[in-house]
A.B. asks: 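Please find one structure pasted underneath; my questions will follow.
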Amino acid sequence: MTMRRAIDEARALLDEAISHYGLKDVVYDVAEPKEEQYGDLYSNLAFQLSKILRKSPSMIAEEVCRLCSKSIAGCRLIRSMEPHRAGYINFRLNIHELAKITLEEVKSKGRMYGSIDVGKGKRVMIEHTSVNPNKALHIGHVRNLVLGDTIYRILRFTNHNAIVLNYIDDSGLQVADIIVGFRFLNFPLESSKKFDHYCGDDVYVKVNEMYDHDPSLLAKRREVLKAMEDYNSDIARFAREVTVRVLNEQLKTCWRLNARYDCLNFESQIIASKLWDKALRLMQRKDIIKVDDDPASKYHGCVVVKAGIEGEEKVLIRSDGTATYIAKDIPYAMWKLGILEDPFKYVEYAKQPDGSILWATSLDGAGSLHINGAEMAITVIDVRQSRLQNIIAKILSMLDNDSSRYKHLAYEVVALSANTARLFNIEIGDKRFAHMKGREGIYINADDMLDRLHNKAYEEVKARNPDEDEQWLHRTAESIAVASIRYSMLKQDLDKIITFDIEDALNLHGESGQYIQYAYARASRILEKASSIAVVGEERGIDIDSTHIGSEEIALVKAIARFDMVVEDTVKSLNPKTIARYCYTLAMVFNEFYEKVPVLHEKDEHLIKMRLSLVRAFITTMSNCMSLLGIDALERM
RNA sequence: GGGCCCGUAGCUCAGCAUGGAUAGAGUGCCUGCCUUCUAAGCAGGUGGUCGUGGGAUCGAAGCCCACCGGGCCCGCCA
């Protein structure tokens, strides 16, 4: 918050200069420069004004600085400003003041340091994970989960009433595939493997192989799919049993990854609840859909979304009366935004590791709880679904004239690096990556990757902490594994494919989740030892004004001071990369401080106190930031 | 055929929204630094015609256009 205050002061000064020119509403930027030699803040105002005033930026910069020179005295954080001949206006801050108010603010806000009220309590639904319940999560699903869960954490931190949904497509084709395996191809229901792995790695892959050799099996699949539509049929019951077993195993993986949910939405229940009929009637009334009655049309006899949405027609109901995939998503989206009345009852499905209750939709039950009806709905699905998501968003915007309430958070897929692809015997020539393929068994399961990371981390932790007990070692190794995979999924931009390389992923050095954890652990150890060597517990009455503050300390203060601006950027752009990279930078700045600046080995007690309180501020900021990323803060590792 | 996205160091990527000060990380390779708060670290070196060509601009990695290379989407599948 404090860097923001400094920027506000700079802007106030510059605005004053702008009004001297008789101008207003000039768009310009005040930010931290990348190099220290250019001061603590800089502005590009002179460049912006040069277009209007038809003078050179450097002349304007000089003038602006002259115009502001008197007002600087009234500033708390701005100490000086000077023009640079390149045309920039550079500011120097009163570092002691910045340090003082930053440390004070972190201390007083504690766990809420960095939080800003963007949401004003607004209810937002965020759907993520939504893995078909016929297989285990692979690393592609992990990207979805981690993005969604991190967005959730950031929304919650910025005062949104955020609700997390996990959509369970328990009546789709992929589920039908494994039911075919169990019912018609004699796959046993028990296996020594984790059930989701067994269904995905063995049953699903092999059934799909068998389709290739015996196409008549496809008729069995249609039969199963049809039977599953009748909620009370024997096949439907059996399918629910199997999918719930898979789901329960998937949820273990999700919880392992530090995710949590508020509600499971079962597709079979959306269908059975007749929500679709209501959605259909509503769209009819609003003239969004029509029956294609043109015998010459390829969609003759279907209910389609009218042309004009994304420039193409889209079938919602086939000529045989069955609903298409997208048709199931529409009533669900309406439910999210409260456009339709809530037909569901909710039952407690599970108690989650964080202590919260996971609810599930139900068709019967007594509860009066209603989960639907948010001001905004965010759906996390990969970019391949963009076209369909756009159609849904368009339909919804036609219903309530607000096109911004339904957001698709699109992200690119996770693919295998050339080296990793070779482990699956895939030859990719000179390509750089290979796509994963569920039906062919070409993917890396999330649990397997976590186990590998866990084992690697376990060795490292044990080497450093040989006297710790097994339980602690494993708990720590698990936290490191999760941090590692979460950070690797977050650091990349949403529109870039993640080229996943197992070897790289197992490298515990460099820009990574464990680097972040390591910085935190180092800081924690300083505080731990500080309390035992009887220097000080509390640093009261530190006179920062008369204390020397070196460049590493300044860098750390500044990094801490801009946390809330990063939080704001992240929540506005819905791009978790921003906060992830900040967290890494904060860790890096601390590591530099740690290497060069002694805390407990310092002679001057005054400096020890000041540095200890800086370390405390770092710990608080880092802990808040890591919590947004779903990365555990470890006091030792 | 139509639409969306990507192309920056050997490799994996920031920077691009809102153009401006010598283009940054990590990794790899090479060098240093642990009787001192955890070396999962730090410091230094190596390494780049920012895909290509044009345009607007005082100024382009960034904006506009074209092209090249790669990926994805466009089904009465999900």
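Every heavy atom of this structure was used, including side-chain atoms; hydrogens, water molecules and symmetry mates were not. To find a chain, count down the sequence lines: A is the first, B the second, and so on, and within it residues start at 1.
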A.B. asks: Could you pull out the protein-nucleic contacts involving nucleotides 32-35 of chain B (nitrogen or oxygen on both sides, under 3.5 Å)?
C.D. replies:
none

A.B. asks: Nearest of C6(B), A40(B), C37(B) to any side-chain atom of V599(A)?
C.D. replies: C37(B)
A.B. asks: Please state whether the phosphate of A14(B), meaning OP1 or OP2, lies under 4.0 angstrom from any side-chain nitrogen or oxygen of K496(A).
C.D. replies: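 Checking A14(B) against K496(A), a side-chain N or O does come within under 4.0 Å of OP1 or OP2.
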A.B. asks: Please determine if R143(A) forms a cation-pi arrangement with F500(A), meaning its NZ or CZ atom is less than 6.0 Å from the six-membered ring centre and no more than 45° off the ring axis.
C.D. replies: no
A.B. asks: On the nucleotide A40(B), are OP1 or OP2 found under 4.0 Å from the side-chain N or O atoms that Y518(A) carries?
C.D. replies: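 Yes, within the criterion.
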A.B. asks: Are any protein N/O atoms closer than 3.5 Å to N/O atoms in nucleotides 22-24 of chain B? If there are, list each pair with its distance.
C.D. replies:
unit_1	atom_1	unit_2	atom_2	d
U22(B)	O4	E35(A)	OE1	2.3
U22(B)	O4	E35(A)	OE2	2.8
U22(B)	O4	Q37(A)	NE2	2.5

A.B. asks: May I ask you to say what Y515(A) touches in the nucleic acid, namely base, sugar-phosphate or nothing, with a heavy-atom cut-off under 4.0 Å?
C.D. replies: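 Contact class for Y515(A): sugar-phosphate only.
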A.B. asks: Could you tell me if the side chain of L416(A) sits less than 4.5 Å from the side chain of I442(A), heavy atoms only?
C.D. replies: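 Contact flag for I442(A)/L416(A) side chains = yes.
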A.B. asks: According to a 3.5 Å limit on both distances, what stems of 3 or more consecutive Watson-Crick or G-U pairs are formed with RNA chain B?
C.D. replies: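 Consecutive-pair runs (3 or more) involving RNA chain B: B:1-7 with B:68-74, B:10-13 with B:24-27, B:28-33 with B:41-46, B:51-55 with B:63-67.
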A.B. asks: Considering only side-chain heavy atoms of E511(A), which listed nucleotide, A25(B), G2(B), C72(B), is closest?
C.D. replies: A25(B)
A.B. asks: Consider the side chain of P33(A), meaning its heavy atoms from C-beta on, and name the nucleotide among A21(B), U38(B), C76(B) that approaches it most closely.
C.D. replies: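 Nearest nucleotide to the side chain: A21(B).
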A.B. asks: If you check the H509(A) side chain, which of A43(B), G41(B), C76(B) turns out closest?
C.D. replies: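 Of A43(B), G41(B), C76(B), G41(B) is nearest to the side chain of H509(A).
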A.B. asks: Between M565(A) and D569(A), is any pair of side-chain heavy atoms under 4.5 Å apart?
C.D. replies: no
A.B. asks: Hey, which sits more toward the 5' end of RNA chain B by its nearest nucleotide, M588(A) or Y42(A)?
C.D. replies: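 Result of the comparison: Y42(A).
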A.B. asks: Any donor and acceptor pair, going by atom type alone, linking the side chain of H300(A) with main-chain N or O of D294(A) inside 3.5 Å?
C.D. replies: yes
A.B. asks: Taking the minimum atom-to-atom distance to the side chain of D169(A), which one of A78(B), G71(B), A25(B) wins?
C.D. replies: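 Minimum distance to the D169(A) side chain belongs to A78(B).
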A.B. asks: Which heavy atom of I444(A) sits nearest to which heavy atom of M436(A), and what is that distance?
C.D. replies: N-SD, 3.9 Å
A.B. asks: If you check every side-chain atom of L508(A), which of A40(B), C37(B), G2(B) has the closest atom?
C.D. replies: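 Within the option list, the nearest is A40(B).
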A.B. asks: Can you tell me if the side-chain N/O atoms of R464(A) get under 4.0 Å from OP1 or OP2 in A40(B)?
C.D. replies: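 Answer yes for this pair, as a side-chain N or O of R464(A) is under 4.0 Å from OP1 or OP2.
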A.B. asks: Let's see if you can work this out: which of C37(B), C77(B), G28(B) has an atom nearest to the side-chain heavy atoms of N507(A)?
C.D. replies: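 So the nucleotide nearest the side chain must be G28(B).
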A.B. asks: Of the nucleotides U12(B), U38(B), C6(B), which has the atom closest to the T499(A) side chain?
C.D. replies: U12(B)
A.B. asks: Quick one: which of U18(B), A78(B), C42(B) gets closest to the side chain of D29(A)?
C.D. replies: U18(B)
A.B. asks: Given U38(B), G71(B), C37(B), identify the nucleotide with an atom nearest to the side chain of R522(A).
C.D. replies: U38(B)
